[in-house]
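As structure tokens, the structure follows; a few thoughts come after it.
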Amino acid sequence: MQKTDTVKEFDGWLSRYLHTSEVCHCEMTFSIYLPAQAEMQPVPVLYWLSGLTCTDDNFRIKAGAQRYAAEHGIALVMPDTSPRGDNVPDVPDRYNLGKGAGFYIDAIQPPWNKNYKMYSYITKELPQLIEKNFPVTARKSISGHSMGGHGALTCALKNPEMYQSVSAFSPVCHPTECTWGKEVFQKYLGNDKSEWAEYDTCHLIEKCTHMIPILIDQGTNDEFLDDQLMTQKLQYLCEKNKYPLDLRMRTGYDHSYHFISTFIGDHIRYHSNILKSTD
């Protein structure tokens, strides 16, 4: 790993690293915030997955999360949203395909299948790297926004033994049925929709046997709510399958980081309470 920058915040340190990824076959970037408590003993970790067109910069600059992570004594890990580099496939005129749009899945169709392995990167390679090199415990939770909310939910539902808790802001809940998801899944995964269903929260809810409670904040003025996010479909399926969902519809809020920064303290408190529980 190569540290590319570091800055002190709230008595802890926010740093960015560059490393060679074995699963994505390129150099990957992530940021990590270590609170002051990590200087005395290992701390639990909250992974944050950002949305379409974002990098690790969006959350670490706009959300104000480090203040709450310092207060509760948990680390924040903020990966990039896709592989990067001159040799990584891309469609420059498409915001929802290629760089910045990894969708946290493992692509199986060429030319994407060599580099676009974000699911394995998030659930396997990155946690191993973090736990080996930083003063953190193996207890971890996951959260995210929009495309990253989709990623957080699917990673947790597919690996409920790995994460202590999961939350999301404005997640893409049903990507196999919305434009953002259908266009990308066909390119990354091919025409077999059973492959698509493995990365769709609504489909995963229907077959879950090990339930990990879900917290979601969703703005009522979100311009993507009805046609892209499909939160109501997830709510219906959770009720039907008796899956524990805490859905908070926030009146007047949109899809932006103004919304995230308003409620990120609630989410970090929620995760911290679970991460530090002895149950």
Side-chain angles (χ1 to χ4, degrees), residues 20-28 47 49-55 79-127 142 144-160 162-163 166 168 170-210 224 226-231 233-234 237 241:
T20 300
S21 168
E22 294 182 1
V23 297
C24 294
H25 299 284
C26 65
E27 287 191 318
M28 294 292 289
Y47 287 80
L49 307 185
S50 290
L52 279 170
T53 75
C54 292
T55 68
D80 202 347
T81 54
S82 77
R84 305 279 179 174
D86 294 340
N87 296 321
V88 172
D90 190 24
V91 183
D93 59 347
R94 289 277 302 276
Y95 73 93
N96 67 331
L97 179 66
K99 295 177 186 177
F103 270 86
Y104 305 101
I105 67 176
D106 281 354
I108 57 177
Q109 294 294 314
W112 313 100
N113 56 331
K114 178 181 178 182
N115 304 106
Y116 284 75
K117 301 289 187 181
M118 289 301 294
Y119 171 75
S120 290
Y121 178 73
I122 296 298
T123 60
K124 297 176 183 176
E125 184 176 29
L126 184 58
I142 192 165
H145 170 234
S146 195
M147 177 188 74
H150 140 78
L153 292 173
T154 55
C155 287
L157 291 172
K158 290 163 73 70
N159 303 276
M162 180 183 301
Y163 301 101
V166 59
S170 313
V172 180
C173 298
H174 203 10
T176 61
E177 294 298 330
C178 74
T179 305
W180 283 349
K182 287 192 288 187
E183 292 180 352
V184 172
F185 280 22
Q186 193 276 331
K187 296 291 186 182
Y188 289 162
L189 300 172
N191 295 320
D192 183 354
K193 292 192 176 181
S194 67
E195 297 282 356
W196 301 15
E198 289 299 309
Y199 299 101
D200 184 301
T201 299
C202 285
H203 285 292
L204 293 171
I205 286 290
E206 292 188 288
K207 64 179 186 179
C208 257
T209 56
H210 184 159
F224 306 114
D226 294 328
D227 59 342
Q228 301 291 359
L229 307 182
M230 300 187 178
T231 311
K233 179 67 173 181
L234 177 61
L237 289 171
N241 293 279

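Keep in mind the model is a prediction, meaning the values are calculated, not measured. No hydrogens, no waters, no symmetry mates; every other heavy atom, side chains included, goes into these values.
Sorted by first then second residue, the salt bridge (charged side-chain N to carboxylate O under 4.0 Å, His left out) pairs that include residues 112-123, not counting sequence neighbours, number zero. Residue pairs meeting the salt bridge (charged side-chain N to carboxylate O under 4.0 Å, His left out) criterion with at least one partner in residues 96-113, sequence neighbours excluded, are absent. Residue pairs meeting the side-chain hydrogen bond (donor to acceptor under 3.5 Å, both in side chains) criterion with at least one member in residues 149-160, sequence neighbours excluded: Y119-N159, K158-E198. Listed by first and then second residue, the salt bridge (charged side-chain N to carboxylate O under 4.0 Å, His left out) pairs involving residues 179-194 are R94-E183 (not counting sequence neighbours).
Panel note: side chain E27, backbone G85; no donor-acceptor pair is recorded below 3.5 Å. A distance-only check finds no donor-acceptor pair linking the side chain of W196 to the backbone of N191 [under 3.5 Å]. In this structure, the side chain of D200 engages the main chain of T176 through a donor-acceptor pair within 3.5 Å. Distance alone, capped at 3.5 Å, is enough to place a donor-acceptor pair between the Y188 side chain and the G98 backbone. The backbone N or O of C54 lies less than 3.5 Å from a partner atom in the side chain of T81, making a donor-acceptor pair. Panel note: side chain E206, backbone L237; no donor-acceptor pair is recorded below 3.5 Å.
You'll find the side chain of P79 reaches within 4.5 Å of the side chain of L49, heavy atoms only. A heavy-atom distance below 4.5 Å is not found between the side chains of P175 and W180. Side-chain contact check for I142 versus I122: some heavy-atom pair is nearer than 4.5 Å. No side-chain heavy atom of C202 sits under 4.5 Å from any side-chain heavy atom of I205. With contacts defined as side-chain heavy-atom distances shorter than 4.5 Å, the pair F224/S170 does not qualify. Under the 4.5 Å side-chain criterion, counting only non-hydrogen atoms from C-beta, S50 is not in contact with H145.
Closest heavy-atom contact between N115 and C24: ND2-O, 2.9 Å. Summarising the geometry of G100 relative to S82, their closest heavy-atom pair is N-OG, 2.7 Å, with the distance given to 0.1 Å. Shortest non-hydrogen contact noted between G144 and A152 is N-CB, 3.9 Å. Minimum heavy-atom separation, P89 to Y116: O-OH, 2.7 Å. The two residues G51 and S146 make their nearest non-hydrogen contact at CA-CB, 4.5 Å. For the pair C178 and D227, the tightest heavy-atom approach, listed with the atom from each and the gap, is CB-O, 3.5 Å.
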Please lay out, stage by stage, how W112 and L97 fare under the test side chain to side chain contact (heavy atoms under 4.5 Å, CB included).
-> CA-CA 10 Å; W112 313 100; L97 179 66; 4.1 Å; yes

Which is it for T123 and Y47 under the side chain to side chain contact (heavy atoms under 4.5 Å, CB included) test, yes or no, and what are the steps along the way?
-> CA-CA 10 Å; T123 60; Y47 287 80; over 6 Å; no

Test side chain to side chain contact (heavy atoms under 4.5 Å, CB included) on C208 and L157 and set out the steps.
-> CA-CA 7 Å; C208 257; L157 291 172; 3.8 Å; yes

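Not a single side chain to side chain donor-acceptor pair (under 3.5 Å) links D86 to another residue, sequence neighbours left out. In this view, D80 and R84 satisfy the salt bridge (charged side-chain N to carboxylate O under 4.0 Å, His left out) rule, not counting sequence neighbours.
The aromatic rings of F185 and F103 lie perpendicular to each other, with more than 60° between the two planes, well past the 30° mark.
Put simply, CE on M118 and SG on C155 are 9.0 Å apart, with the number rounded to the nearest 0.5 Å. Atom CD of residue E125 and atom OG1 of residue T20 lie 9.5 Å apart, to the nearest 0.5 angstrom.
Applying the side chain to side chain contact (heavy atoms under 4.5 Å, CB included) test between Y199 and each of L204, L153, L189 identifies L189 as the sole match.
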